[in-house]
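Here the structure is laid out as structure tokens; the discussion comes afterwards.
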Amino acid sequence: MTTFIKQLSANDIGSTGSHQAGILVPKGDPELVGFFGKLDPSHLNPDAWISCVDEELKEWRLRFVYYNNKLHTPGGTRNEYRITHLTKYFKSVNAAHGDSLVFTSSSEPRHFSVRLERSIKPEIHTHRRRVVLTGWRKVH
DNA sequence: AGCCATGCACCG
DNA sequence: CGGTGCATGGCT
């Protein structure tokens, strides 16, 4: 069981007015990418559906997608992972810029629990190891 | 690398 | 017609 946390940007929750689909999943850490499932890079824009259960046991189906036209289309510029279909959830919990989205894996592949952590809360737990990537961190 | 943005399609 | 998501480019 592993937990990854993403601190939400303004664009993530849609407060910038953009209707971009989804939060970013940095491809820098293979473990983070593998955490959400395996997407075949040999295909163009492969995706997979994941299931996330919140604290009220409500299930949210999210789309994990790898925009990779840089690898397949001449002149393509995309090479990044995203998770989409989060707007309803963000609305329901009144997510704000700076809040953190907490994903915890389960025994089932592609099944996770999610919860929103308000930014006001101080960081405790010294045994947590902060990992590398901007916006995301892993919790052991 | 990560966040910001947008033209178009689709749907209620 | 307004909101949402897709797939893409742009800016720092």
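Predicted model only: the values in this text are computed from it and were never measured. Just so it is clear, the values below take in all heavy atoms, side chains as well, and ignore hydrogens, waters and symmetry mates. In what follows, every chain begins at residue 1, and chains take the letters A, B, ... in the order their sequences are listed.
Within the structure, a side-chain polar atom (N or O) of A:Lys6 is placed less than 4.0 Å from OP1 or OP2 of B:dC3. OP1 or OP2 of B:dA5 sits under 4.0 Å from a side-chain N or O of A:Thr16. For C:dG9, one of the phosphate oxygens OP1 or OP2 lies less than 4.0 angstrom from a side-chain nitrogen or oxygen of A:Asn69. Distances shorter than 4.0 Å separate none of the side-chain N or O atoms of A:Ser9 from OP1 or OP2 on B:dG2.
No salt bridge links A:Asp29 with A:Lys138; every basic N to acidic carboxylate O contact stays at or beyond 4.0 Å. In summary, A:Arg110 and A:Glu108 do not engage in a salt bridge, as defined by a charged side-chain N under 4.0 Å from a carboxylate O.
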Between the protein and nucleotides 10-12 of chain C, are there any N/O to N/O pairs under 3.5 Å, and if so, what are the atom names and distances?
from   : atom 1 : to      : atom 2 : distance (Å)
C:dG10 : N7     : A:Arg78 : NH2    : 3.2
C:dG10 : O6     : A:Arg78 : NH1    : 3.0
C:dG10 : O6     : A:Arg78 : NH2    : 3.3

What pairs of nitrogen or oxygen atoms, one from the protein and one from nucleotides 1-3 of chain C, lie under 3.5 Å apart?
none

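Contacts of A:Phe103 classified as ring-ring contact (aromatic ring centres under 6.0 Å, His included), with partners at least two apart in sequence or in another chain: A:Phe36. Looking at residues two or more places apart in sequence or on another chain, you find no salt bridge (Lys or Arg N to Asp or Glu O under 4.0 Å) involving A:Asp54.
Hydrophobic clustering, defined by side-chain heavy atoms of Ile, Leu, Val, Met, Phe, Trp and Tyr closer than 4.5 Å, leaves A:Trp49 isolated from every other such residue. In the hydrophobic clustering, where aliphatic and aromatic side chains (Ile, Leu, Val, Met, Phe, Trp, Tyr) are joined below 4.5 Å either directly or transitively, A:Val53 groups with A:Leu57.
Within the model, atoms CG of A:Leu101 and CD of A:Gln7 stand 11.5 Å from one another, a figure rounded to the nearest 0.5 Å.
Nearest-nucleotide mapping onto DNA chain B: of A:Asn79 and A:His97, the residue sitting toward the 5' end is A:Asn79.
Comparing B:dG2, B:dC8, B:dC3 against the side chain of A:His19 picks out B:dC8 as the nearest. With B:dC4, B:dG2, C:dA7 as the candidates, the nucleotide lying closest to the side chain of A:Pro26 is B:dG2.
Residue-environment remark: CD (A:Glu56) stays at or below the threshold of 12 foreign heavy atoms within 6.0 Å. In this structure, A:His43 places its NE2 atom where only 12 or fewer heavy-atom neighbours from other residues, nucleotides or ligands lie under 6.0 Å away.
Rounded to an integer number of Å, the gap from A:Asp12 CG to B:dC3 C1' is 8 Å. We find that CG of A:Asn68 is positioned 16 Å from C1' of C:dG9, with the value rounded to whole Å. As a whole-Å value, the separation of A:Gln20 CD from B:dC3 P is 10 Å. Between the C1' atom of C:dC6 and the CH2 atom of A:Trp49 lies a distance of 11 Å, rounded to the nearest Å. Nucleotide C:dT8 holds its P atom 12 Å from the CG atom of A:Leu71, rounded to whole Å. Between A:Arg137 atom CZ and B:dG2 atom P the separation is 15 Å, expressed in whole Å. Taking atom CG of A:Leu8 as the reference point, atom P of B:dC3 lies 10 Å away to the nearest angstrom. We find that NZ of A:Lys88 is positioned 7 Å from P of C:dT4, with the value rounded to whole Å.
Side chains of A:Tyr81 and A:Asn68: no donor on one and acceptor on the other come within 3.5 Å.
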